[in-house]
Novice: 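Right, I'll just put the structure down here and ask away after.
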Amino acid sequence: MDVKTRSRMTDEAGVRFGIATGAQIAVLLVAGIFGLGPVGTAVLLVVVAAIVGRSLQPVVVLALGVVAWAFFTGFVENAYGLLTFAAGDLLRLVLIACATCLLARGVARR
């Protein structure tokens, strides 16, 4: 008897990471179109990263939070993708990365 296992491509961690990163870019575009402020954009980035990454390992979700911070710092706080590491930027890094991890864990439990 030949048993074939079917797995979806979106079950792969790398694919989900790419989907989450693409979703974050879409959030930035939508936030820019609708004129969302910095706080609203940051919250939306965290929520989208947490929801899409909820089934990933915690270290990968943390990486999604760092990517969200990089996009936010580079395109909302600064211009043209410029990353800076001032005190406020580092505080945002900790807040966005931790909030992404905590929210993803909360969403995954539901």
Side-chain angles (χ1 to χ4, degrees):
M1 176 179 222
D2 189 339
V3 177
K4 293 184 180 183
T5 304
R6 290 193 157 200
S7 65
R8 296 183 333 198
M9 186 171 57
T10 56
D11 292 338
E12 297 292 326
V15 172
R16 283 190 83 72
F17 186 85
I19 290 169
T21 303
Q24 289 175 345
I25 292 169
V27 164
L28 289 173
L29 291 171
V30 169
I33 289 170
F34 289 107
L36 225 60
V39 173
T41 302
V43 168
L44 198 54
L45 276 171
V46 167
V47 168
V48 167
I51 289 172
V52 176
R54 69 186 176 271
S55 64
L56 297 172
Q57 296 293 325
V59 70
V60 179
V61 177
L62 181 64
L64 283 175
V66 172
V67 169
W69 166 81
F71 285 150
F72 181 82
T73 300
F75 296 105
V76 177
E77 284 295 317
N78 299 321
Y80 307 114
L82 177 67
L83 292 179
T84 53
F85 295 97
D89 297 322
L90 296 177
L91 177 62
R92 272 190 301 278
L93 170 60
V94 171
L95 289 174
I96 290 174
C98 289
T100 302
C101 288
L102 291 173
L103 187 59
R105 180 168 282 209
V107 171
R109 287 188 179 155
R110 291 187 160 243

Novice: Quick one: which residue pairs count as a side-chain hydrogen bond (donor to acceptor under 3.5 Å, both in side chains) with a foot in residues 31-60, not counting sequence neighbours?
Specialist: R16-S55

Novice: Using the rule that Ile, Leu, Val, Met, Phe, Trp and Tyr join whenever any side-chain heavy atoms are under 4.5 Å apart, tell me whether L102 and V60 fall into a single cluster.
Specialist: no

Novice: Between G74 and L83, which heavy-atom pair has the shortest distance, and what is it?
Specialist: N-CD2, 3.9 Å

Novice: Show which residues join L62 in its hydrophobic cluster (side-chain heavy-atom contacts under 4.5 Å, direct or indirect), or state none.
Specialist: none

Novice: Among Ile, Leu, Val, Met, Phe, Trp and Tyr joined by side-chain contacts under 4.5 Å, find the other residues sharing a cluster with V94 and list them by chain and number.
Specialist: none

Novice: For the SG atom of C98 and the CG atom of L93, what is their distance to the nearest 0.5 Å?
Specialist: 8.5 Å

Novice: Could I get the full list of side-chain contact (heavy atoms from CB on, under 4.5 Å) partners for N78, not counting sequence neighbours?
Specialist: T73, L82, T84

Novice: Do you reckon F71 sits in the same ILVMFWY cluster as I51, going by side-chain contacts under 4.5 Å, direct or chained?
Specialist: yes

Novice: Enumerate the residue pairs fulfilling side-chain hydrogen bond (donor to acceptor under 3.5 Å, both in side chains) with a member in residues 20-29, sequence neighbours excluded, ordered by first and then second residue.
Specialist: none

Novice: Verify the cluster assignment for F34 and V46: are they in a single hydrophobic cluster under the rule of side-chain heavy atoms below 4.5 Å apart?
Specialist: no

Novice: Which pairs count as ring pair (Phe, Tyr, Trp, His ring centres under 6.0 Å) when at least one residue sits in residues 11-32, sequence neighbours excluded?
Specialist: none

Novice: If two hydrophobic side chains count as joined below 4.5 Å and joins carry through other members, does L28 share a cluster with I19?
Specialist: yes

Novice: Using a side-chain heavy atom cutoff under 4.5 Å and only I, L, V, M, F, W and Y, what cluster partners does L95 have?
Specialist: L91

Novice: Taking side-chain contact (heavy atoms from CB on, under 4.5 Å) as the test, write out the residues that go with P38, two or more places apart.
Specialist: F72, V76, E77

Novice: Which residues pass the ring pair (Phe, Tyr, Trp, His ring centres under 6.0 Å) test with F85, not counting sequence neighbours?
Specialist: W69

Novice: Test of understanding: with side-chain contact (heavy atoms from CB on, under 4.5 Å), list the residues that count as partners of V27, not counting sequence neighbours.
Specialist: L44, L45, V48

Novice: At their closest point, which heavy atom of P58 faces which heavy atom of C101, and how far apart are they?
Specialist: O-SG, 4.2 Å

Novice: If Ile, Leu, Val, Met, Phe, Trp and Tyr residues are connected whenever their side-chain heavy atoms lie under 4.5 Å apart, and connections chain through other members, are I25 and V52 in the same group?
Specialist: yes

Novice: Less than 4.5 Å apart, side chain to side chain, heavy atoms only: is that true for L64 and L56?
Specialist: yes

